[in-house]
Each structure stands twice: as structure tokens, then as C-alpha cells.
Number of protein chains: 2
Amino acid sequence: MTLRDISIGRLARDAGCKVQTIRYYEQIGLLPEPPRTAGNQRVYDKVHVKRLSFIRHSRELGFSLDAIRELLVLSDDPDQPCETVDRVAKSHLSEVVEKIARLTSLKSELERMVKQCKGGRIGACRIIEVLADHSHAHCLTDHSA
Amino acid sequence: MTLRDISIGRLARDAGCKVQTIRYYEQIGLLPEPPRTAGNQRVYDKVHVKRLSFIRHSRELGFSLDAIRELLVLSDDPDQPCETVDRVAKSHLSEVVEKIARLTSLKSELERMVKQCKGGRIGACRIIEVLADHSHAHCLTDHSA
DNA sequence: TCTTGAACCTATAGTGACTGTAGATATTAG
DNA sequence: CTAATATCTACAGTCACTATAGGTTCAAGA
Ligand SMILES: [Zn+2]
Ligand SMILES: [Zn+2]
Ligand SMILES: [Zn+2]
Ligand SMILES: [Zn+2]
């Protein structure tokens, strides 16, 4: 136990995640198993800190754990061309763009619905009416597709 | 078994969902248990069709099953004022708006990253560099919050 | 040295909204 | 009658954690 040894709690505070999250990453093979103390507690070093930082930052940017797994393998091989890195990032970007598009059309639909509600009885509420109408006659966009 | 009896497969086709989804809705109490044939197979009628349509349309508009459960209870009580309906819809709308905001800032971040990659070796790739940098020095927004 | 309390350990279950599978039974068309 | 299709139950898997229970280890103060 030297001064530079890092406990799981300290690592979690530094990385801004929960202790269980770190154990989870270890369990699914995203973080390597660290050495243990005589009492069986995990001891981390700078290499683990770096790897966990990479994972957390990628998660904050919305990458899936599978994508991150791929990016980690690639980042361990600095002489390879970065085409695959680029592909992973671009594919994630296009997923984000798609999600925004879907949510934006949802937003106009919901705004329209909410605006039409005049605050009477439920039997006359346009919100309920629109939701109950599966023909989508009241709807702007084809959210069913 | 009259002509108007609807099998679970037929109901699923009409509603645009899987058979298992219907059984799942029944299991969590969102759809009432239908009567059965002598051979134990579910038999639906127009009431079920209506209720499932309401659920599916609401799901397409992004409402959670809990919100839908609330909306269904309300829609069964047409004389009540529609304030609660309005509140549920508005609260969902504001969640959608928030999601769009988060994804939009993610999008600019990712676009920036992808643009900076000049297609060399991984060791020099700006995408990997940004992801590895947990200080967020290369980042536009505070996606860590 | 002893004690207390925080931090750590494993194992397991739960989240949301389904989807997929296995193995058995029912129904329908030819 | 047979073969294909549909349905039945029960359970596991998805994603990325999060929470809990019940136990052990560690560090600091008296
Ligand atoms: Zn209303
Ligand atoms: Zn619609
Ligand atoms: Zn690159
Ligand atoms: Zn950042």
C-alpha cells in the first residue's frame, strides 16, 4: 500500500461515478481486474484512472459501452489508421441526429395537442381525443413509422 | 366464437405491435384480461381494440406506460375536469424539450470532434484525444453536469 | 489496545418497455 | 387426417446502471 494507491471510493469520486459502476465495468470486462490488498480490497493506479476517464467521458458524449469497448481497443493501438475511430464517431453522430429529428416532430405534435385543450371536461378534451384516435387523423406527422 | 371475436394475432396486426407486447400489457394491468376460448386462447372485442389503440398511440407519442396508465384512468371518467390530462401532457412535452436540448449540445460536440480528425494514425487522432481528456479542455459544453 | 464508524466485499434483484426462446397445446386449411 | 400456423406459459435477455442485504476490512480516536 503506497501513497499512490487509489481505493475504489476515491476512484469513483474522481471519475464522477458510483462505486458499483466501477465494479460493473470490471465485471463486463471494460476495466481490467486491479490487484487487491491483503484484505481483498481493490487497489487502482494511474492506468486505471486514465481508462475510466476515457470511459466516463465517452459515456457523457452518449457512446454505448460496446462502442467504447471498440474505441478502447483502438486507442491501445496508436499506429493503426484512425478510420475505424472515425466510423464509430460518425455513426454515433448520425444516431444523435436521427433522435433529434424524431423528438422534434414529437414536440410539434405534443405542442399542437396541448394548445388545443381548452380546459373543459375530459369527455371533451382534445388531448384524450387525439390519443384515442388511432387513425392519426388529428396528427401532423407519421410517428407510427 | 362469433364472427366479431378477435384473436391476439389479429389484434397485434391491427395495432401494429407484437403479440408478446399485448400479453405484457395484460400482465402489468394495462389491458384487462380478456375471456378465453375452450382451448384457453384469448378472445378480444372492440373495447380491447380501443384501449390498445389508445396505448399504442400514446406510446408513439413517447408517453411512458405510467403516464398512459394515468391517462387511461382519466379517460374512463369523462365528467372530470381535464386539468390532470393537461399536466401529464405538458410534463411529457417539457421532458421532450429537455432531451432535444441535451442531444443538440451533444451533436455540436460530436460534429466538432469528427471535423478535427484528419485521418492519420490513432496516436494522433483528435477524437481519441478528446475522449481521453477528462478535464474537458477540448469540449464546448459541460456535458458532465 | 480497543472501539467505532466508514468504506469495502459479494451476490442478487430491480429499472423500462419490451423482445426472444423453448416446449407444449390449439386451431385451421387442404 | 395431417400439416402448418397460431397460441399458450414461463422464463431469460436487452442496456447501463442502481439499490439492497449481509458480511468484512480499514483508519482514526480514546
Ligand atoms: Zn383538455
Ligand atoms: Zn398520431
Ligand atoms: Zn482520427
Ligand atoms: Zn468533455
Side-chain angles (χ1 to χ4, degrees), chain A residues 1-3 5-31 33-44 48 52 54-72 92 95-96 99 102 143, chain B residues 1-3 5-31 33-44 48 52 54-72 92 95-96 99 102 106 143-144:
Chain A
M1 291 267 256
T2 78
L3 274 173
D5 288 341
I6 299 166
S7 71
I8 194 169
R10 172 92 198 288
L11 181 60
R13 265 194 310 282
D14 289 2
C17 70
K18 308 249 162 148
V19 164
Q20 296 104 300
T21 305
I22 295 173
R23 290 198 281 247
Y24 170 68
Y25 289 159
E26 178 184 325
Q27 195 192 317
I28 63 168
L30 216 53
L31 277 178
E33 290 184 31
R36 305 277 185 130
T37 63
N40 198 36
Q41 305 200 351
R42 291 169 178 83
V43 181
Y44 297 96
H48 297 98
L52 181 57
F54 189 100
I55 296 169
R56 291 309 299 170
H57 200 182
S58 304
R59 284 296 295 138
E60 283 161 13
L61 291 166
F63 287 93
S64 72
L65 292 183
D66 267 358
I68 294 170
R69 198 187 297 273
E70 203 174 348
L71 291 172
L72 279 169
H92 175 45
E95 272 169 37
V96 169
K99 265 188 200 166
R102 243 177 308 137
H143 37 248
Chain B
M1 290 268 257
T2 76
L3 272 174
D5 288 341
I6 300 167
S7 72
I8 194 169
R10 171 94 197 286
L11 182 60
R13 265 194 311 281
D14 289 0
C17 71
K18 309 248 161 151
V19 164
Q20 295 104 301
T21 305
I22 295 174
R23 290 198 280 246
Y24 170 68
Y25 289 159
E26 178 184 326
Q27 195 192 317
I28 62 168
L30 216 53
L31 277 177
E33 290 183 32
R36 307 275 185 134
T37 64
N40 200 35
Q41 305 202 349
R42 291 169 179 83
V43 181
Y44 296 96
H48 297 99
L52 181 58
F54 189 99
I55 297 170
R56 292 309 300 169
H57 201 182
S58 304
R59 284 294 298 137
E60 283 161 13
L61 290 167
F63 287 93
S64 71
L65 292 183
D66 267 359
I68 294 169
R69 197 187 299 273
E70 204 175 347
L71 291 172
L72 279 168
H92 176 46
E95 273 168 36
V96 169
K99 265 190 199 165
R102 246 178 305 137
L106 234 57
H143 37 250
S144 60

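Each chain gets a letter, A, B and so on, in the order its sequence line appears, and its residues count up from 1. This is a predicted model, so every value here is computed, not measured.
Straight-line distance from the CD atom of A/Glu26 to the P atom of D/dA16: 18 Å, rounded to whole Å. Between B/Ile6 atom CD1 and D/dT7 atom P there is a gap of 12 Å when expressed in whole angstrom units. Distance, A/Gln27 CD to C/dT10 C1': 11 Å, rounded to whole Å. If you take CG of A/Asp5 and P of D/dC26, they are 13 Å apart, rounded to a whole angstrom. Atom CG of A/Leu52 and atom P of D/dC17 are 11 Å apart (whole Å). Residue A/Arg69 contributes atom CZ, which lies 10 Å from atom P of D/dC15 at whole-angstrom precision. Taking atom CG of residue B/Leu11 and atom C1' of nucleotide D/dA6, one finds them 14 Å apart after rounding to whole Å.
Every residue meeting the ring pair (Phe, Tyr, Trp, His ring centres under 6.0 Å) condition with B/Tyr44, not counting sequence neighbours, appears here in chain and number order: B/His48. Annotation: ring pair (Phe, Tyr, Trp, His ring centres under 6.0 Å) contacts of A/Phe63 (sequence neighbours excluded): A/His92. Shown here are the ring pair (Phe, Tyr, Trp, His ring centres under 6.0 Å) partners of B/Tyr25, two or more places apart in sequence or in another chain: there are none. Looking at residues two or more places apart in sequence or on another chain, you find no side-chain hydrogen bond (donor to acceptor under 3.5 Å, both in side chains) involving A/Gln27. Under the side-chain hydrogen bond (donor to acceptor under 3.5 Å, both in side chains) criterion, A/Gln41 pairs with no residue at all, not counting sequence neighbours.
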Go through the steps for B/Arg23 and B/Leu31 under the test side-chain contact (heavy atoms from CB on, under 4.5 Å), then give the verdict.
CA-CA 9 Å; B/Arg23 290 198 280 246; B/Leu31 277 177; over 6 Å; no

In B/S/- notation, 5' to 3', how is nucleotides 15-26 of chain C contacted by protein heavy atoms closer than 4.0 Å?
--BBBBB----S

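When the side-chain nitrogen and oxygen atoms of A/Arg42 are compared with OP1 and OP2 of C/dC8, none of them lie within a distance under 4.0 Å.
At the heavy-atom level, B/Ile28 lies nowhere under 4.0 Å from the strands shown.
Distance from the side chain of B/Arg36 is smallest for D/dT9 among the nucleotides C/dC8, D/dT9, C/dT10.
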